[in-house]
Protein chains: 2
Amino acid sequence: MKEWEEQFRAFLRGRGLTFTPERRAVLEEIFAEHGHFDVETLHDRLRSRGSRISIATIYRLIPLLTESGMIRPATLRDGHPTYEHLFGHRPHHHLTCVRCGKVVEFRQEEIEKILDKICGRHGFSPFDYRLGVRGVCAACRKEETG
Amino acid sequence: MKEWEEQFRAFLRGRGLTFTPERRAVLEEIFAEHGHFDVETLHDRLRSRGSRISIATIYRLIPLLTESGMIRPATLRDGHPTYEHLFGHRPHHHLTCVRCGKVVEFRQEEIEKILDKICGRHGFSPFDYRLGVRGVCAACRKEETG
DNA sequence: TTGCGATTGTTAATCATTCTCAATATAAGG
DNA sequence: CCTTATATTGAGAATGATTAACAATCGCAA
Ligand SMILES: [Mn+2]
Ligand SMILES: [Mn+2]
Ligand SMILES: [Zn+2]
Ligand SMILES: [Zn+2]
(Lines give C-alpha, C1' and ligand atoms only; values in the text may rest on other atoms or scores of the structure.)
(Ligands and ions follow the chains in the order given, each with its own letter.)
Protein backbone atom coordinates (compact mmCIF):
# COMPACT_ATOMS: atom_id res chain seq x y z
CA MET A 1 0.00 0.00 0.00
CA LYS A 2 1.26 3.44 -0.90
CA GLU A 3 2.35 5.39 2.12
CA TRP A 4 0.02 8.29 1.39
CA GLU A 5 -2.89 5.90 1.27
CA GLU A 6 -1.87 4.51 4.61
CA GLN A 7 -1.67 7.97 6.12
CA PHE A 8 -4.99 9.06 4.67
CA ARG A 9 -6.69 5.92 5.94
CA ALA A 10 -5.30 6.59 9.39
CA PHE A 11 -6.60 10.15 9.23
CA LEU A 12 -10.06 8.97 8.26
CA ARG A 13 -10.11 6.26 10.90
CA GLY A 14 -9.23 8.85 13.52
CA ARG A 15 -12.35 10.74 12.53
CA GLY A 16 -14.65 7.78 12.29
CA LEU A 17 -14.79 8.09 8.51
CA THR A 18 -14.34 5.41 5.90
CA PHE A 19 -11.97 4.87 3.03
CA THR A 20 -14.31 4.36 0.09
CA PRO A 21 -13.58 3.45 -3.53
CA GLU A 22 -14.35 7.03 -4.53
CA ARG A 23 -11.87 8.36 -2.04
CA ARG A 24 -9.29 5.91 -3.19
CA ALA A 25 -9.79 6.93 -6.82
CA VAL A 26 -9.37 10.62 -6.02
CA LEU A 27 -6.29 10.00 -3.94
CA GLU A 28 -4.71 7.89 -6.69
CA GLU A 29 -5.43 10.50 -9.30
CA ILE A 30 -3.93 13.26 -7.19
CA PHE A 31 -0.66 11.41 -6.84
CA ALA A 32 -0.73 10.11 -10.42
CA GLU A 33 0.90 13.25 -11.74
CA HIS A 34 2.85 16.19 -10.47
CA GLY A 35 1.41 19.62 -11.04
CA HIS A 36 -1.29 22.04 -9.98
CA PHE A 37 -4.90 21.06 -10.51
CA ASP A 38 -8.29 22.56 -9.88
CA VAL A 39 -11.42 20.65 -8.91
CA GLU A 40 -12.88 20.61 -12.37
CA THR A 41 -9.70 19.31 -13.99
CA LEU A 42 -9.41 16.59 -11.39
CA HIS A 43 -12.99 15.58 -12.06
CA ASP A 44 -12.35 15.47 -15.81
CA ARG A 45 -9.27 13.34 -15.33
CA LEU A 46 -11.18 10.85 -13.21
CA ARG A 47 -14.04 10.70 -15.70
CA SER A 48 -11.69 10.14 -18.60
CA ARG A 49 -10.43 7.10 -16.73
CA GLY A 50 -13.94 5.74 -16.58
CA SER A 51 -14.92 6.86 -13.11
CA ARG A 52 -18.51 8.00 -12.59
CA ILE A 53 -17.62 10.06 -9.55
CA SER A 54 -19.59 13.23 -8.97
CA ILE A 55 -17.89 16.59 -8.74
CA ALA A 56 -19.71 17.19 -5.47
CA THR A 57 -17.82 14.29 -3.95
CA ILE A 58 -14.54 15.89 -4.94
CA TYR A 59 -15.56 19.23 -3.47
CA ARG A 60 -16.48 17.40 -0.29
CA LEU A 61 -13.12 15.71 -0.24
CA ILE A 62 -10.94 18.80 -0.58
CA PRO A 63 -11.12 19.79 3.11
CA LEU A 64 -10.34 16.25 4.22
CA LEU A 65 -7.38 16.01 1.87
CA THR A 66 -6.12 19.37 3.05
CA GLU A 67 -6.51 18.67 6.74
CA SER A 68 -4.83 15.30 6.39
CA GLY A 69 -1.83 16.88 4.66
CA MET A 70 -2.39 15.11 1.35
CA ILE A 71 -2.72 18.36 -0.60
CA ARG A 72 -2.41 22.08 -0.07
CA PRO A 73 -3.75 25.09 -1.94
CA ALA A 74 -1.17 26.16 -4.51
CA THR A 75 -2.09 29.32 -6.40
CA LEU A 76 -5.12 31.01 -7.86
CA ARG A 77 -5.80 30.40 -11.56
CA ASP A 78 -8.30 32.91 -12.98
CA GLY A 79 -9.72 33.49 -9.57
CA HIS A 80 -10.31 29.89 -8.51
CA PRO A 81 -8.03 27.84 -6.34
CA THR A 82 -5.66 25.15 -7.51
CA TYR A 83 -4.10 22.48 -5.35
CA GLU A 84 -1.02 20.28 -5.38
CA HIS A 85 -0.22 17.04 -3.66
CA LEU A 86 1.96 17.54 -0.66
CA PHE A 87 2.82 14.20 0.79
CA GLY A 88 6.50 13.48 0.28
CA HIS A 89 7.27 16.88 -1.18
CA ARG A 90 9.19 19.64 0.51
CA PRO A 91 7.35 22.94 0.64
CA HIS A 92 8.26 25.26 -2.20
CA HIS A 93 7.23 28.52 -3.78
CA HIS A 94 6.08 29.62 -7.21
CA LEU A 95 7.02 31.95 -10.01
CA THR A 96 4.02 32.45 -12.28
CA CYS A 97 4.15 33.94 -15.76
CA VAL A 98 1.13 36.20 -16.14
CA ARG A 99 1.21 35.79 -19.93
CA CYS A 100 1.41 32.08 -20.57
CA GLY A 101 0.60 30.80 -17.10
CA LYS A 102 3.81 28.82 -16.77
CA VAL A 103 4.71 28.01 -13.17
CA VAL A 104 8.26 27.49 -11.94
CA GLU A 105 8.78 26.02 -8.50
CA PHE A 106 11.68 26.96 -6.30
CA ARG A 107 12.84 26.39 -2.80
CA GLN A 108 14.58 28.93 -0.61
CA GLU A 109 15.40 28.20 2.98
CA GLU A 110 17.22 31.48 3.41
CA ILE A 111 13.94 33.34 2.99
CA GLU A 112 12.21 31.14 5.50
CA LYS A 113 14.89 31.87 8.07
CA ILE A 114 14.36 35.58 7.57
CA LEU A 115 10.62 35.16 7.89
CA ASP A 116 11.00 33.17 11.08
CA LYS A 117 12.90 36.08 12.56
CA ILE A 118 10.23 38.53 11.49
CA CYS A 119 7.49 36.35 12.93
CA GLY A 120 9.35 36.09 16.21
CA ARG A 121 9.67 39.84 16.35
CA HIS A 122 5.87 40.16 16.06
CA GLY A 123 5.04 37.30 18.38
CA PHE A 124 3.66 35.19 15.54
CA SER A 125 3.87 31.40 15.30
CA PRO A 126 3.89 30.79 11.56
CA PHE A 127 2.71 27.54 10.08
CA ASP A 128 2.46 28.39 6.42
CA TYR A 129 4.45 30.59 4.06
CA ARG A 130 2.88 31.50 0.79
CA LEU A 131 5.27 33.21 -1.55
CA GLY A 132 3.95 34.08 -4.98
CA VAL A 133 5.96 35.96 -7.56
CA ARG A 134 4.18 37.12 -10.68
CA GLY A 135 6.13 38.18 -13.70
CA VAL A 136 6.90 37.42 -17.31
CA CYS A 137 8.92 34.40 -18.36
CA ALA A 138 11.85 34.54 -20.76
CA ALA A 139 9.93 33.09 -23.70
CA CYS A 140 7.05 35.52 -23.34
CA ARG A 141 9.37 38.46 -22.91
CA LYS A 142 11.19 37.59 -26.10
CA GLU A 143 7.90 37.36 -27.94
CA GLU A 144 6.84 40.69 -26.52
CA THR A 145 10.00 42.57 -27.44
CA GLY A 146 10.72 40.86 -30.71
CA MET B 1 -6.48 68.61 -4.69
CA LYS B 2 -5.12 65.43 -3.13
CA GLU B 3 -2.27 63.99 -5.10
CA TRP B 4 -3.95 60.63 -5.59
CA GLU B 5 -6.96 62.36 -7.05
CA GLU B 6 -4.72 64.20 -9.44
CA GLN B 7 -3.05 60.99 -10.52
CA PHE B 8 -6.32 59.13 -10.92
CA ARG B 9 -7.78 61.98 -13.00
CA ALA B 10 -4.72 61.88 -15.23
CA PHE B 11 -5.12 58.13 -15.64
CA LEU B 12 -8.76 58.49 -16.62
CA ARG B 13 -8.04 61.36 -19.00
CA GLY B 14 -5.41 59.23 -20.72
CA ARG B 15 -8.10 56.67 -21.42
CA GLY B 16 -10.79 59.08 -22.49
CA LEU B 17 -12.73 58.40 -19.29
CA THR B 18 -14.26 60.90 -16.92
CA PHE B 19 -13.86 61.69 -13.24
CA THR B 20 -17.40 61.48 -11.90
CA PRO B 21 -18.85 62.21 -8.46
CA GLU B 22 -19.22 58.48 -7.88
CA ARG B 23 -15.59 57.88 -8.70
CA ARG B 24 -14.55 60.72 -6.49
CA ALA B 25 -16.58 59.33 -3.60
CA VAL B 26 -15.05 55.89 -3.94
CA LEU B 27 -11.54 57.27 -4.16
CA GLU B 28 -12.06 59.43 -1.07
CA GLU B 29 -13.43 56.53 0.88
CA ILE B 30 -10.52 54.31 -0.07
CA PHE B 31 -8.00 56.81 1.23
CA ALA B 32 -10.13 57.78 4.22
CA GLU B 33 -8.75 54.96 6.29
CA HIS B 34 -5.85 52.56 6.28
CA GLY B 35 -6.61 48.88 6.16
CA HIS B 36 -7.81 46.07 3.95
CA PHE B 37 -11.32 46.25 2.55
CA ASP B 38 -13.52 44.14 0.34
CA VAL B 39 -16.05 45.43 -2.14
CA GLU B 40 -19.04 44.91 0.08
CA THR B 41 -17.47 46.70 3.04
CA LEU B 42 -16.51 49.62 0.86
CA HIS B 43 -20.05 49.80 -0.43
CA ASP B 44 -21.43 49.76 3.11
CA ARG B 45 -19.07 52.50 4.20
CA LEU B 46 -20.14 54.71 1.30
CA ARG B 47 -23.81 54.08 1.97
CA SER B 48 -23.46 54.87 5.64
CA ARG B 49 -22.10 58.25 4.58
CA GLY B 50 -25.26 58.87 2.61
CA SER B 51 -24.08 57.86 -0.85
CA ARG B 52 -26.56 56.03 -3.07
CA ILE B 53 -23.86 54.45 -5.18
CA SER B 54 -24.54 50.98 -6.56
CA ILE B 55 -22.27 48.09 -5.74
CA ALA B 56 -21.99 47.38 -9.46
CA THR B 57 -20.26 50.70 -9.93
CA ILE B 58 -17.69 49.74 -7.33
CA TYR B 59 -17.08 46.40 -8.99
CA ARG B 60 -16.61 48.24 -12.26
CA LEU B 61 -14.13 50.60 -10.65
CA ILE B 62 -11.84 48.00 -9.14
CA PRO B 63 -9.93 47.29 -12.38
CA LEU B 64 -9.48 51.00 -13.06
CA LEU B 65 -8.24 51.63 -9.54
CA THR B 66 -5.88 48.71 -9.80
CA GLU B 67 -4.50 49.61 -13.19
CA SER B 68 -3.97 53.20 -12.16
CA GLY B 69 -1.99 52.15 -9.09
CA MET B 70 -4.51 53.48 -6.57
CA ILE B 71 -5.09 50.09 -4.97
CA ARG B 72 -3.78 46.56 -5.13
CA PRO B 73 -5.18 43.21 -4.09
CA ALA B 74 -4.08 42.48 -0.54
CA THR B 75 -5.15 39.08 0.75
CA LEU B 76 -8.08 36.72 0.56
CA ARG B 77 -10.64 36.89 3.37
CA ASP B 78 -12.95 33.86 3.42
CA GLY B 79 -12.28 33.26 -0.23
CA HIS B 80 -12.98 36.72 -1.58
CA PRO B 81 -10.40 39.33 -2.38
CA THR B 82 -9.57 42.34 -0.25
CA TYR B 83 -7.75 45.43 -1.43
CA GLU B 84 -5.65 48.18 0.08
CA HIS B 85 -4.80 51.65 -1.09
CA LEU B 86 -1.37 51.86 -2.56
CA PHE B 87 -0.62 55.43 -3.49
CA GLY B 88 2.04 56.85 -1.21
CA HIS B 89 2.70 53.54 0.52
CA ARG B 90 5.74 51.36 0.11
CA PRO B 91 4.93 47.79 -0.86
CA HIS B 92 4.79 45.49 2.13
CA HIS B 93 3.85 41.97 3.14
CA HIS B 94 1.42 40.43 5.57
CA LEU B 95 1.32 38.19 8.59
CA THR B 96 -2.22 36.96 9.12
CA CYS B 97 -3.52 35.33 12.28
CA VAL B 98 -5.77 32.48 11.27
CA ARG B 99 -7.65 32.65 14.58
CA CYS B 100 -8.58 36.29 15.03
CA GLY B 101 -7.84 37.58 11.54
CA LYS B 102 -5.37 40.20 12.72
CA VAL B 103 -3.02 41.37 10.00
CA VAL B 104 0.47 42.71 10.66
CA GLU B 105 2.30 44.46 7.86
CA PHE B 106 6.02 44.26 7.42
CA ARG B 107 8.61 45.28 4.94
CA GLN B 108 11.66 43.27 3.99
CA GLU B 109 13.98 44.41 1.25
CA GLU B 110 16.41 41.60 1.93
CA ILE B 111 13.86 39.07 0.78
CA GLU B 112 13.17 40.98 -2.38
CA LYS B 113 16.84 41.01 -3.25
CA ILE B 114 16.96 37.24 -2.87
CA LEU B 115 13.86 36.85 -5.00
CA ASP B 116 15.34 39.06 -7.70
CA LYS B 117 18.28 36.73 -7.88
CA ILE B 118 16.03 33.68 -8.11
CA CYS B 119 13.96 35.29 -10.84
CA GLY B 120 17.08 36.14 -12.79
CA ARG B 121 18.22 32.55 -12.54
CA HIS B 122 14.94 31.41 -14.13
CA GLY B 123 14.76 34.17 -16.73
CA PHE B 124 11.76 35.77 -15.07
CA SER B 125 11.03 39.50 -14.95
CA PRO B 126 9.06 39.91 -11.75
CA PHE B 127 6.67 42.75 -11.23
CA ASP B 128 4.85 41.67 -8.12
CA TYR B 129 5.82 39.81 -4.97
CA ARG B 130 3.06 38.45 -2.80
CA LEU B 131 4.28 37.13 0.48
CA GLY B 132 1.67 35.80 2.86
CA VAL B 133 2.50 34.22 6.18
CA ARG B 134 -0.30 32.54 8.08
CA GLY B 135 0.10 31.76 11.72
CA VAL B 136 -1.20 32.44 15.19
CA CYS B 137 -0.65 35.75 16.92
CA ALA B 138 0.66 36.08 20.46
CA ALA B 139 -2.71 36.93 21.97
CA CYS B 140 -4.47 33.97 20.38
CA ARG B 141 -1.67 31.62 21.31
CA LYS B 142 -1.88 32.66 24.93
CA GLU B 143 -5.63 32.09 24.90
CA GLU B 144 -5.09 28.70 23.33
CA THR B 145 -2.49 27.48 25.80
CA GLY B 146 -3.89 29.15 28.87
C1' DT C 1 -27.71 73.92 -27.35
C1' DT C 2 -26.74 69.55 -29.55
C1' DG C 3 -24.80 65.20 -30.19
C1' DC C 4 -22.34 61.28 -28.74
C1' DG C 5 -19.89 58.28 -26.05
C1' DA C 6 -19.30 57.33 -21.16
C1' DT C 7 -21.57 56.27 -16.79
C1' DT C 8 -24.93 54.70 -13.71
C1' DG C 9 -28.50 51.88 -11.26
C1' DT C 10 -31.50 48.18 -11.78
C1' DT C 11 -32.15 43.82 -12.95
C1' DA C 12 -31.11 39.55 -14.93
C1' DA C 13 -27.53 36.15 -15.96
C1' DT C 14 -23.43 33.44 -14.78
C1' DC C 15 -20.90 30.15 -12.63
C1' DA C 16 -18.25 27.97 -9.08
C1' DT C 17 -19.32 26.08 -4.86
C1' DT C 18 -22.45 24.31 -1.32
C1' DC C 19 -26.59 22.20 0.19
C1' DT C 20 -30.60 18.86 0.21
C1' DC C 21 -32.29 14.58 -0.01
C1' DA C 22 -33.33 10.03 -1.20
C1' DA C 23 -30.80 5.90 -2.26
C1' DT C 24 -26.58 2.95 -1.11
C1' DA C 25 -22.81 1.43 1.06
C1' DT C 26 -20.17 0.34 5.22
C1' DA C 27 -18.93 -1.41 9.70
C1' DA C 28 -20.17 -3.40 14.05
C1' DG C 29 -22.88 -6.52 16.78
C1' DG C 30 -25.88 -10.25 17.38
C1' DC D 1 -25.59 -14.43 7.73
C1' DC D 2 -29.43 -10.46 9.38
C1' DT D 3 -29.95 -5.79 11.55
C1' DT D 4 -29.22 -1.42 12.46
C1' DA D 5 -27.09 2.95 12.83
C1' DT D 6 -23.96 6.02 10.27
C1' DA D 7 -21.52 7.58 6.69
C1' DT D 8 -21.37 8.34 1.69
C1' DT D 9 -22.85 9.18 -2.76
C1' DG D 10 -24.95 11.36 -7.06
C1' DA D 11 -28.31 14.32 -8.87
C1' DG D 12 -30.13 18.36 -8.92
C1' DA D 13 -31.58 22.61 -6.51
C1' DA D 14 -29.93 26.61 -4.02
C1' DT D 15 -26.64 30.08 -2.97
C1' DG D 16 -23.94 34.09 -3.40
C1' DA D 17 -20.47 36.83 -5.33
C1' DT D 18 -19.39 38.79 -9.56
C1' DT D 19 -20.64 40.24 -14.51
C1' DA D 20 -23.41 41.53 -18.20
C1' DA D 21 -27.43 43.90 -20.51
C1' DC D 22 -29.95 47.76 -21.01
C1' DA D 23 -32.37 51.92 -20.85
C1' DA D 24 -31.99 56.38 -18.69
C1' DT D 25 -28.57 60.22 -17.56
C1' DC D 26 -24.56 62.63 -17.62
C1' DG D 27 -20.44 65.33 -19.25
C1' DC D 28 -17.77 67.25 -22.53
C1' DA D 29 -16.65 69.19 -26.90
C1' DA D 30 -18.28 71.38 -31.02
MN1 LIG E 1 3.90 23.71 -6.70
MN1 LIG F 1 -1.43 45.76 3.78
ZN1 LIG G 1 5.30 33.03 -20.17
ZN1 LIG H 1 -4.89 36.22 16.62
Chemist: Going by heavy atoms closer than 4.0 Å, what residues in residues 48-83 of chain A are next to DNA chain C?
Modeler: A/Ala56, A/Tyr59, A/Arg60, A/His80, A/Pro81

Chemist: To the nearest 0.5 Å, what is the distance between OG (B/Ser68) and CE (B/Met70)?
Modeler: 4.5 Å

Chemist: Suppose we screen for ring pair (Phe, Tyr, Trp, His ring centres under 6.0 Å). Which residues come up paired with B/His93, at least two apart in sequence or across chains?
Modeler: B/Phe106

Chemist: For B/Glu5, check salt bridge (Lys or Arg N to Asp or Glu O under 4.0 Å) against everything at least two apart and list the hits.
Modeler: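 Checked B/Glu5 against salt bridge (Lys or Arg N to Asp or Glu O under 4.0 Å); matches are B/Arg9, B/Arg24.
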
Chemist: Can you confirm whether A/Glu33 sits close enough to A/His85 that some side-chain heavy atom of one is under 4.5 Å from a side-chain heavy atom of the other?
Modeler: no

Chemist: Considering heavy-atom distances to DNA chain D, does B/Val39 or A/Leu12 have its closest nucleotide positioned more toward the 5' end?
Modeler: A/Leu12

Chemist: Could you give the NE2-to-P distance, from B/His43 to D/dT19, as a whole number of Å?
Modeler: 15 Å

Chemist: Could you give the angle between the helix axes at the two ends of the helix from C/dT1-D/dA30 to C/dG30-D/dC1, with five pairs per end, rounded to 10 degrees?
Modeler: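 Axis angle across the helix from C/dT1-D/dA30 to C/dG30-D/dC1, nearest 10°: 20°.
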
Chemist: Using a cut-off of 4.0 Å on non-hydrogen atoms, how would the nucleic acid contact of A/Glu40 be classed: base, sugar-phosphate, or nothing?
Modeler: nothing

Chemist: Just verifying a value: how many Å separate A/His122 NE2 and B/Leu95 CG, rounded to the nearest 0.5 Å?
Modeler: 6.0 Å

Chemist: For the CD1 atom of B/Ile58 and the CD1 atom of B/Ile30, what is their distance to the nearest 0.5 Å?
Modeler: 8.5 Å

Chemist: With a 4.0 Å cut-off, would you call A/Glu67 and A/Arg15 a salt bridge?
Modeler: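 Salt bridge between A/Glu67 and A/Arg15, a charged N being under 4.0 Å from a carboxylate O: yes.
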
Chemist: Within this structure, what is the CZ-OG1 distance for the pair B/Arg52 and B/Thr57, rounded to the nearest 0.5 Å?
Modeler: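 Atom-to-atom, B/Arg52:CZ and B/Thr57:OG1 are 14.0 Å apart.
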
Chemist: How close or far is atom C1' of C/dA25 from atom CZ of A/Phe19, stated in whole angstroms?
Modeler: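 Result: 15 Å.
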
Chemist: Hey, could you give me the CD1/SG distance between A/Ile114 and A/Cys119, rounded to the nearest 0.5 Å?
Modeler: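 Those atoms lie 12.0 Å apart.
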
Chemist: Which whole-number value in Å describes the distance from A/Arg24 CZ to D/dT8 C1'?
Modeler: 16 Å

Chemist: Please state how far atom CZ in B/Arg13 lies from atom P in C/dA6, giving the value in whole angstrom units.
Modeler: 17 Å

Chemist: Look at the rings of B/Trp4 and B/Phe87 and say which category their plane angle falls in: under 30° parallel, 30 to 60° tilted, over 60° perpendicular.
Modeler: perpendicular

Chemist: Quick one: hydrophobic cluster around A/Val136, which other residues, with the 4.5 Å side-chain cut-off, linked directly or via members?
Modeler: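 Members besides A/Val136, by chain and number: A/Val98, B/Phe127.
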
Chemist: When you compare the protein's N or O atoms with those of nucleotides 5-7 of chain D, which come within less than 3.5 Å of each other, and at what distance?
Modeler:
none

